[in-house]
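The next block holds one structure in the form of structure tokens; read it before the comments.
Along the sequence shown, residues are numbered consecutively beginning with 1. Whatever order the structure lists them in is the order used to number ligands and atoms, beginning at 1. Computed from heavy atoms alone, side chains included, the values below leave out hydrogens, waters and symmetry copies.
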Amino acid sequence: AEKPNVVILATGGTIAGAGADVTNSATYQAAKVPVDKLIAAIPQLQTIANVRGEQVFQIASESFTNDHLLTLGKRVAALVKQSDVDGVVITHGTDTLEETAYFLTLVVHTEKPIVLVGSMRPGTAMSADGTLNLYNAVSVAATKDARGKGVLVTMNDEINSGRDVAKVVNLKTEAFKSPWGPLGMVVEGKNYWFRLPVKRHTMNSEFDIEKIDVLPSVGIAYGAGNVSDTAYRALAEKGAKAIVHAGTGNGSVAKAVVPALQELRGQGIQIIRSSHVNAGGFVLRNAEQPDDKYDWVVAHDLNPQKAKILASVALTQTQDSKELQRIFWEY
Ligand SMILES: NC(=O)CC[C@H](N)C(=O)O
């Protein structure tokens, strides 16, 4: 049989990082090594697929903007339409990898595998994890088994859903976890699957990158003890169309903040209650706060940064809070 064709879109991050010494596992510069060098370092890639690379960006992922998301999304959407492309791998910094993975899950209409991958150690370090992670990502993108399962993330031998995986530990190579468990494992270039995502994604999404040219501004403000309403009001003043409340516990909102959020909702800004508990928040509607009365939205199980992505994608299509809540339940 002919080998599948896999395109690697490189965006930077630690997987393209370089340090001064082999002992530098955490002190290094991200986004240094070009994609052709990453590919050339793993000749075994060519035994599983015809692999070619494109350098889309060369940045650390904390500097991703909405414009980067749109540029990358449109490139992925164009590639998956080509008959000579069977799968796409995206190398990415790990800090916002979960945001990009979720964004692509929402807006790219394809059954072809799209796999995001990063690393926790630069390629110059002892026990660098990038080569195996990239080999695994290409092997997943090259297989028909990965089709129709939504955007995937391969790190540390696990295959996770791009929808719910998050970076939950830094420094460790087991940095990425989904609160609902991995979809599968990849071992010696073979993938083994155990579950499927049930939320709407890719082919079944009502959103389409080809119809999105601007993402509305959505801000995140953090809940903690002794919090004030300053950050919420500042985001509103700078033109946020929605504010994600990165709340404590079940997205709870401090007494000092509730009046500001009621007022901002009155001005038309959408208020979205999420939770920043890091092993997986789960916000219940009308539990901690009377969301129906205040006309607020709850983020379901999405962490604040994923809630921000879904809100900005959804706001390209609706300004209605009920519709927004439906979208937060379905995606
Ligand atoms: N491990 C990493 O990739 C982190 C490096 C950098 N902060 C980034 O996200 O691009």
Side-chain angles (χ1 to χ4, degrees), residues 8-39 41-42 53-73 75-76 88-105 114-138 140-141 151-160 162 164-178 182 186 220 246 276 278 303-306 308-309:
I8 300 181
L9 298 180
T11 72
T14 298
I15 196 164
D21 189 85
V22 291
T23 58
N24 288 125
S25 60
T27 310
Y28 57 86
Q29 282 191 290
K32 284 282 153 204
V33 182
V35 64
D36 290 341
K37 254 185 115 172
L38 297 180
I39 293 172
I42 318 172
E54 272 180 37
Q55 194 75 48
V56 185
F57 316 120
Q58 187 63 294
I59 60 174
S61 71
E62 61 270 26
S63 298
F64 253 69
T65 63
N66 285 347
D67 285 342
H68 289 106
L69 287 179
L70 292 171
T71 301
L72 180 64
R75 186 65 194 128
V76 174
V88 175
V89 167
I90 299 162
T91 60
H92 200 293
T94 54
D95 289 359
T96 64
L97 187 148
E98 70 208 62
E99 295 184 36
T100 302
Y102 189 40
F103 176 71
L104 298 173
T105 295
I114 300 169
V115 184
L116 280 88
V117 63
S119 77
M120 297 307 294
R121 298 174 182 149
T124 46
M126 280 188 265
S127 292
D129 53 333
T131 44
L132 181 55
N133 285 349
L134 184 55
Y135 179 73
N136 285 344
V138 170
V140 171
V151 174
L152 304 165
V153 173
T154 56
M155 293 278 296
N156 201 39
D157 303 350
E158 287 186 1
I159 308 165
N160 273 286
D164 43 40
V165 75
K167 188 177 187 177
V168 295
V169 202
N170 63 328
L171 290 184
K172 293 187 182 180
T173 51
E174 58 165 336
F176 282 78
K177 293 285 169 200
S178 160
V186 46
I220 302 175
H276 66 58
N278 55 20
N303 69 22
Q305 55 273 31
K306 285 178 188 274
K308 176 200 67 174
I309 294 288

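Of all the atoms in ligand 1, the ones that sit under 4.0 Å from a non-hydrogen atom of Gly13 are 10 (O). Interface of Ala60 with ligand 1, defined as ligand atoms under 4.0 Å from a residue heavy atom, comprises 10 (O). The contact set between ligand 1 and Asp95, taken as ligand atoms under 4.0 Å from a residue heavy atom, comprises 4 (C), 6 (C), 7 (N), 9 (O).
At least one N or O atom of Glu62, backbone or side chain, sits closer than 3.5 Å to an N or O atom of ligand 1. Among the atoms of Thr96, none of the N or O lies under 3.5 angstrom from an N or O of ligand 1. Looking at Thr14 next to ligand 1, an N or O pair under 3.5 Å apart turns up.
Taking both residues in full, the closest heavy atoms of Asn24 and Ala125 are given as O-CB, 3.6 Å, listed atom of the first, atom of the second, then distance. Nearest heavy-atom pair, Tyr102 versus Lys306, reported as atom, atom and distance to 0.1 Å: CE2-O, 3.4 Å. Closest non-hydrogen pair, Leu97 versus Ser61, comes out as N-OG, 4.5 Å.
Between the side chains of Asp21 and Thr23, at least one donor N or O sits under 3.5 Å from an acceptor N or O.
Checked options Gln305, Lys167, His92; the residue passing with Glu98 is Gln305 (criterion: side-chain hydrogen bond (donor to acceptor under 3.5 Å, both in side chains)). The one candidate from Val151, Asn66, Leu69, Thr96 that meets the side-chain contact (heavy atoms from CB on, under 4.5 Å) condition with Phe103 is Leu69.
Looking only at heavy atoms of the protein, atom 1 (N) of ligand 1 is closest to Thr94 OG1, 2.7 Å. Scanning the protein for heavy atoms near atom 10 (O) of ligand 1, the closest one is Ser61 N, 2.7 Å.
If you look at Ser119 next to ligand 1, the close heavy atoms, those under 4.0 Å, all belong to the backbone.
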Decide side-chain hydrogen bond (donor to acceptor under 3.5 Å, both in side chains) for Glu158 and Asn160; before the verdict, give the C-alpha distance in whole Å, the side-chain angles of both, and the deciding distance to 0.1 Å.
-> CA-CA 6 Å; Glu158 287 186 1; Asn160 273 286; 3.0 Å; yes
